[in-house]
Amino acid sequence: MSQQPKSDPSQPITTRQLRLMIVMLTLPMTLIHTPSEVIMFSEQHAYLSFILVYLILLVCIWMLSRTQRRFGDQNLFQAMIGRQPFLGRVIVVLYILYYFYIMARDARLLTEYVNTTLLPITPVMVILLCIFIMSGFIIRGGMKSVVSMTEIFMPILIGVIILLPFFVSGGLDFHYLKPLFPVDMVGVSNGAWYVFSYVGEVIILPFIFGSQGFKLKSAIRGFSFACILLILDIVIMILIIGLPIIPRMTYPSHELVRQVQLSDFLDRFDMFLAAAILPIHMTKVAFDIYIVCYGMGSLHKSMSGRMLQGPIILLGYVCAFWFFKDSIQIFKFDREWTAVAILFIIVLPIIIFLSFWPSKNKKRDGRTQQNEAADQTASQGADQAAGS
């Protein structure tokens, strides 16, 4: 068997852990800059862009979940390689490259965010190195460590978003939500285009969790909760900061947190919140690294995903500087990147849904076992009736 990171992700996780993982994949990186791009096009109807993306991704999650259920406890990486070795490996390699780019982008985006908000004097190279080192320590324990970090720090971010309206309730200006009608559907679609690639990263979970861990109902509930939090955050952002200002901001969520002033002694409460939610951003980078390592470990028996963690981190560190000069290039590439993301979020799930089915022998064996069990039960019932 192939050696993979320490914990096997196909092992079941609880429904609470699954929901928190979905929120972790959906919220942290999406909230850094994406609201500026969405509001630039959708304006006061920005929440409709998230609803549109939510409906599209529900269909994709359903297709992947249905495909996964055909293969029992196997995750989709295992099922695809086992059923069609060549095509399955090609698709796995494509997803490895896809998430390798996401890993480099997330790490560089987080570096620029920390450099701007917390450590303006520290060199960018040092910050990025620290982020990759910490992410490497997180994934040393495998998926179990990633899930544990999510359970610890994700509730902090959720609590901040839920309590934020109470802290800034005095500055809400509902004038920015008017007019409600008519709705500019072109602007809403453009806003959905920019947010689609970030929120769509959630579709990777069926590829690494088996059917016992990834349950469709729990996944839908977790994804619905994550989208509700996104909508709540962006509506509060519109009401507090205002439509004319948000598109000009690089990190609007940080500016929103800066509006929280509990007292004269805590006028920089935003620094405390930024430091408190920083570990969940590092956990997201660690998860990206894990996806790449686990995918490579599943390609061949001789590959060890755990041994590849160091080289992957070093390569990601170099590519984070090679791919992007600064955060502005990351934001500008979001428009083109969505076209690439559609291949992995919509097109490939459709191909997987239509192409991968269990072998007929397995189906026949399963039906034979069911028929034998039914005949045995019927014979036992007949014997009991005869004896009575």
Colleague: What orientation do F323 and F100 show, parallel under 30°, tilted 30 to 60°, or perpendicular over 60°?
Modeller: perpendicular

Colleague: Compute whether any side-chain donor of one residue and acceptor of the other, for Y194 and T34, lie under 3.5 angstrom apart.
Modeller: no

Colleague: Parallel, tilted or perpendicular: which describes the rings of Y101 and W337, with under 30° parallel and over 60° perpendicular?
Modeller: tilted

Colleague: Just checking F137: does its CZ atom have more than 12 heavy atoms from other residues, nucleotides or ligands closer to it than 6.0 angstrom?
Modeller: no

Colleague: Donor-acceptor check, side chain of S253 to backbone of I32, threshold 3.5 angstrom: yes or no?
Modeller: no

Colleague: Given 3.5 Å as the limit, does a donor-acceptor pair link the side chain of S218 with the main chain of F214, or not?
Modeller: no

Colleague: Given Y54, which partner from the list F196, F223, F225 fulfils the ring-ring contact (aromatic ring centres under 6.0 Å, His included) test?
Modeller: F223

Colleague: Within 45 degrees of the ring normal and closer than 6.0 Å to the centroid, is that where the cationic atom of R105 sits relative to Y198?
Modeller: yes

Colleague: Classify the ring geometry of F132 against Y317: parallel below 30°, tilted from 30° to 60°, perpendicular beyond 60°.
Modeller: perpendicular

Colleague: According to the interplanar angle, ranging from 0 to 90°, do the rings of H254 and Y113 count as parallel (below 30°), tilted (30 to 60°) or perpendicular (above 60°)?
Modeller: perpendicular

Colleague: Checking R108 side chain against A320 main chain: does a donor-acceptor pair fall under 3.5 Å?
Modeller: yes

Colleague: Looking at E37 and R335, is there a salt bridge between them, counting it only when a charged N and a carboxylate O are closer than 4.0 Å?
Modeller: no

